[in-house]
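Worksheet: the structure to be examined is printed underneath.
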2 protein chains.
Amino acid sequence: MDSDICQVTIVDRQRIARAVDQLPDPPVLTEVAATFKLLGDPTRLKILHALAAEELCVCDLAALLAVSISAVSHQLRLLRGQGVVRFRREGKIVYYQLDDDHIRQVMADMRAHIESCRR
Amino acid sequence: MDSDICQVTIVDRQRIARAVDQLPDPPVLTEVAATFKLLGDPTRLKILHALAAEELCVCDLAALLAVSISAVSHQLRLLRGQGVVRFRREGKIVYYQLDDDHIRQVMADMRAHIESCRR
DNA sequence: ACATCATTTGAACACTTGCTCAACTGTGAG
DNA sequence: CTCACAGTTGAGCAAGTGTTCAAATGATGT
């Protein structure tokens with residue numbers, strides 16, 4: 001019972017072991033992937049960039065992204081679920097903002113990465 | 001021709017204008033979203049974490065992730081397409097590694113974010 | 001030339017995703 | 001209370017995604 005993973009030829013066990021050690025714990029990795037996935041949609045990414053700059057209500061977001069209020073609300077729900085955005089109610093209007101500076105940092109890093117590649 | 005976007009009530013035009021100014025250029029935003037999307041899949045994220053630690057061949061990756069070689073190869077193709085990984089051929093074996101330190105940084109930041117949230 | 005091994009690729013499929021539309025909350029004004 | 005408005009939610013659907021399986025490359029050894 002050595003190659004029980006599948007019928008895969010293993011080239012370097014030590015290297016594999018070192019790489020496995022670097023993987024985050026499964027629950028952390030799942031969360032990281034889920035959060036990256038949220039950033040991986042253009043509409044949500046625009047929402048987050050906008051909220052990184054300004055606190056905005058749902059209809060303002062819809063206006064500036066040129067998408068329906070319903071679509072924005074659906075996406076905000078997902079973002080809320082991952083704790084990426086926070087909201088505050090003021091009368092009938094709900095204002096959203098980024099919940100976390102790490103996310104701002106991650107977006108800035110990735111933007112720098114892409115912009116450095118295009119030069 | 002003022003509210004030509006849709007039938008949305010605009011709450012604060014100045015705030016919208018400021019937020020729009022912060023959005024990256026469309027081509028940049030598209031690339032950023034595409035790269036985040038790649039990081040948003042657990043299999044690919046594991047591949048990238050592993051490659052962030054060690055240069056590895058396809059079959060080693062398949063072994064350490066416990067997925068098929070074909071699945072790994074398909075994902076590596078996507079990662080290559082975005083310029084996230086680089087490869088080098090040595091005889092029959094193809095070794096992959098991260099192409100870019102920015103990506104390593106982005107993954108580290110996101111991991112820090114998640115781990116700070118779970119405390 | 002042939003067999004073998006590591007990897008790539010294409011087609012097929014189940015599953016997921018992001019949108020729209022319509023119905024529903026919930027808050028403030030008359 | 002009733003109406004209008006900001007936002008949320010659920011169902012439905014077209015488009016996209018990740019995996020598997022089988023066939024095709026491409027390099028090495030005999």
Side-chain angles (χ1 to χ4, degrees), chain A residues 3 5-12 15-16 30 33-48 51 55-82 85-97, chain B residues 3 5-12 15-16 30 33-48 51 55-82 85-97:
Chain A
S3 60
I5 299 167
C6 44
Q7 295 80 357
V8 164
T9 311
I10 281 140
V11 169
D12 188 334
R15 213 169 348 190
I16 293 177
T30 302
T35 310
F36 275 133
K37 181 177 259 175
L38 288 180
L39 300 181
D41 173 73
T43 302
R44 283 191 298 264
L45 190 59
K46 280 182 223 161
I47 289 175
L48 292 173
L51 294 181
E55 185 187 51
L56 292 163
C57 68
V58 179
C59 66
D60 282 353
L61 280 169
L64 83 82
L65 303 177
V67 296
S68 76
I69 289 181
S70 177
V72 172
S73 185
H74 276 295
Q75 302 298 10
L76 286 169
R77 196 164 111 90
L78 298 175
L79 295 170
R80 253 159 35 213
Q82 271 296 315
V85 301
R86 186 182 357 167
F87 67 100
R88 143 182 102 78
R89 180 149 219 150
E90 194 170 294
K92 286 186 279 193
I93 298 176
V94 179
Y95 289 97
Y96 281 84
Q97 59 184 288
Chain B
S3 61
I5 299 168
C6 46
Q7 295 80 359
V8 164
T9 311
I10 279 138
V11 169
D12 187 336
R15 217 175 337 194
I16 293 178
T30 302
T35 310
F36 275 134
K37 181 177 257 176
L38 287 180
L39 300 181
D41 173 71
T43 302
R44 282 191 299 262
L45 190 59
K46 279 181 222 162
I47 290 175
L48 292 173
L51 294 181
E55 186 187 51
L56 292 163
C57 69
V58 179
C59 66
D60 281 353
L61 280 168
L64 82 83
L65 303 176
V67 297
S68 76
I69 290 180
S70 177
V72 172
S73 185
H74 276 295
Q75 302 297 12
L76 286 169
R77 195 164 110 92
L78 298 176
L79 295 170
R80 253 158 36 212
Q82 272 295 317
V85 301
R86 187 184 354 170
F87 67 100
R88 142 182 102 76
R89 180 149 218 150
E90 194 169 294
K92 286 185 281 191
I93 298 176
V94 179
Y95 289 97
Y96 282 83
Q97 63 188 120

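No hydrogens, no waters, no symmetry mates; every other heavy atom, side chains included, goes into these values. Quantities reported herein were computed from a predicted structural model and do not represent experimental measurements. Convention: sequence-line order gives letters A, B, ...; per-chain numbering from 1.
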Please list residues of residues 71-82 of chain A whose heavy atoms come under 4.0 Å from any atom in DNA chain C, ordered by number; otherwise none.
->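 The stretch gives A:A71, A:H74, A:Q75 as the residues lying under 4.0 Å from the strand, ordered by number.
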
Does A:K37 put a side-chain nitrogen or oxygen below 4.0 Å from OP1 or OP2 of C:dT17?
->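 For C:dT17, OP1 or OP2 has a side-chain N or O of A:K37 closer than 4.0 Å.
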
Just to confirm, is there a sub-4.0 Å distance from OP1 or OP2 of C:dC21 to any side-chain nitrogen or oxygen of A:S68?
->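 No, no such contact exists.
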
Specify the residue among A:G40 and A:S70 whose closest nucleotide of DNA chain C lies further upstream toward the 5′ end.
->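 Nearest-nucleotide comparison on DNA chain C picks A:G40.
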
Rounded to the nearest 0.5 Å, how far apart are CG of B:D60 and OH of B:Y95?
->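 The distance works out to 7.5 Å.
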
Got a second to check how far A:L56's CG is from A:L61's CG, nearest 0.5 Å?
->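 Here the rounded value is 5.0 Å.
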
Can you give me the closest heavy-atom contact between [X] and [Y], atom names plus distance?
X: B:Y96; Y: B:V85; result: CD2-CG2, 3.9 Å
X: B:A33; Y: A:L45; result: N-CD2, 3.6 Å
X: A:Q75; Y: A:I47; result: CB-CD1, 3.9 Å

Just how far, in rounded Å, is [atom2] of [N] from [atom1] of [X]?
X: A:L61; N: C:dC19; atom1: CG; atom2: P; result: 13 Å
X: B:L56; N: C:dT7; atom1: CG; atom2: P; result: 11 Å
X: A:L45; N: C:dT17; atom1: CG; atom2: P; result: 17 Å
X: B:L65; N: D:dT20; atom1: CG; atom2: P; result: 12 Å
X: A:F87; N: D:dG7; atom1: CZ; atom2: P; result: 12 Å

Going by number, which of residues 88-97 of chain A have a non-hydrogen atom under 4.0 Å from DNA chain D?
->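 Contacts with DNA chain D under 4.0 Å: A:K92, A:I93, A:V94, A:Y96.
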
Just wondering, more than 12 heavy atoms not from B:R77 lying within 6.0 Å of its CZ?
->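 12 or below, so no.
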
Min side-chain heavy-atom separation A:T30-B:P42 under 4.5 Å |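 Result no, sub-4.5 Å side-chain heavy-atom pair not found.
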
Intermediate values then yes/no, side-chain contact (heavy atoms from CB on, under 4.5 Å), A:L48 and A:L38 | CA-CA 10 Å; A:L48 292 173; A:L38 288 180; 5.6 Å; no

Just do the side-chain contact (heavy atoms from CB on, under 4.5 Å) check on B:T43 and B:V72 with the steps written out, would you?
-> CA-CA 8 Å; B:T43 302; B:V72 172; 5.7 Å; no

